[in-house]
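First comes the structure, then the notes that go with it.
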Amino acid sequence: MTDRIGHDTLTLADGSIGKLPDHLLIEIFIRVPVSEWAEISCVKKQWANLFRGECLWQAALARTFPRAGQAKRWPGPIPRGLSRRRYIALQVSKQIFSLDGEMDEIVGHAYLFLKEQLELSTMPPPSGVLHGTIIDQFIACGKSRDTAHELASQIWLAVLDNLEENEQTFLLLKRLALEGDVFLPYPYSRSIQVQWRVFEKLFTDFRDCFNQVDYYDVLACAKNKFQPIPSLWLGY
């Protein structure tokens, strides 16, 4: 099926659609399912340039999220970015958090910020710094401390659940698990649910990655934080 779609796309590129001006191509592309955009952008250099440019993303943003054009820039440490960034953030909010309203875009940006910091950085900042940045963003936008803490916890859980299962993620989770306990006032301390999820993923999804020393170091940290711990976490 994928080969068929690719063949059809190439045929269109060589035919009449390949001769259309950019503004008409944009109107066509933003009506194609998002899942096919990556493939379309690989067909022709002209099309790739459209997906790199701002015009296509402005049109996609206006068509898919018409209220986004009315949103004002918000204060806080996490920037809004250009149209492509905003479109992705809104898609994240829609697909992962099922949010609606003015806050949905900010939640999407906070998710992207945290995921990129954890995945792309060779040495991510301490989790307390990342968590505090997200908390500050929501408080700057007028959210209460309780709401900011709840939203930040949801974002952490979503990011942890969507990290790729590879060695880099294992090392990241191990570092998060072994971080020293630093007292931070509410709402700047990560929730118990977030801390639990880190250990849960290590002892289930990445159990085979441990050597004996690392396993018992992480297990000791788990026992120090949680009592009792699940029997499934026990046994190297």
What pairs with [X] under salt bridge (charged side-chain N to carboxylate O under 4.0 Å, His left out), at least two apart in sequence or on another chain?
X: K223; answer: none
X: R63; answer: none
X: D146; answer: none
X: R86; answer: E105

Q: May I have all residue pairs that pass ring pair (Phe, Tyr, Trp, His ring centres under 6.0 Å) and include part of residues 158-181, sequence neighbours excluded?
A: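 Every pair satisfying ring pair (Phe, Tyr, Trp, His ring centres under 6.0 Å) with a residue in residues 158-181: F170-F210.
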Q. What pairs of residues pass the salt bridge (charged side-chain N to carboxylate O under 4.0 Å, His left out) test when at least one of them lies in residues 202-221, not counting sequence neighbours?
A.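 For residues 202-221: K174-D214, K201-D205.
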Q | Under 3.5 Å side-chain donor-acceptor pair for S127 and E179 | A |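 Yes, because at least one side-chain N or O of S127 sits under 3.5 Å from a partner of the opposite role on E179.
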Q.
Closer than 3.5 angstrom, by distance alone: can the side chain of E164 be matched with the main-chain N or O of T169 as a donor-acceptor pair?
A.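 No, the answer is negative, given that no donor and acceptor are paired below the 3.5 Å cut-off.
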Q. What side chain to side chain donor-acceptor pair (under 3.5 Å) pairs are there with at least one residue in residues 21-33, not counting sequence neighbours?
A.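 Residue pairs with at least one partner in residues 21-33: D22-Q46, E27-R31.
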Counterpart residues, ring pair (Phe, Tyr, Trp, His ring centres under 6.0 Å), relative to [X] (two or more places apart):
X: F51; value: F29, W37
X: Y186; value: H149
X: F226; value: W196, F199
X: Y188; value: none

Q | For T204, all residues meeting side-chain hydrogen bond (donor to acceptor under 3.5 Å, both in side chains), sequence neighbours excluded | A |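 Once residues adjacent in sequence are excluded, T204 has no partner under the side-chain hydrogen bond (donor to acceptor under 3.5 Å, both in side chains) criterion.
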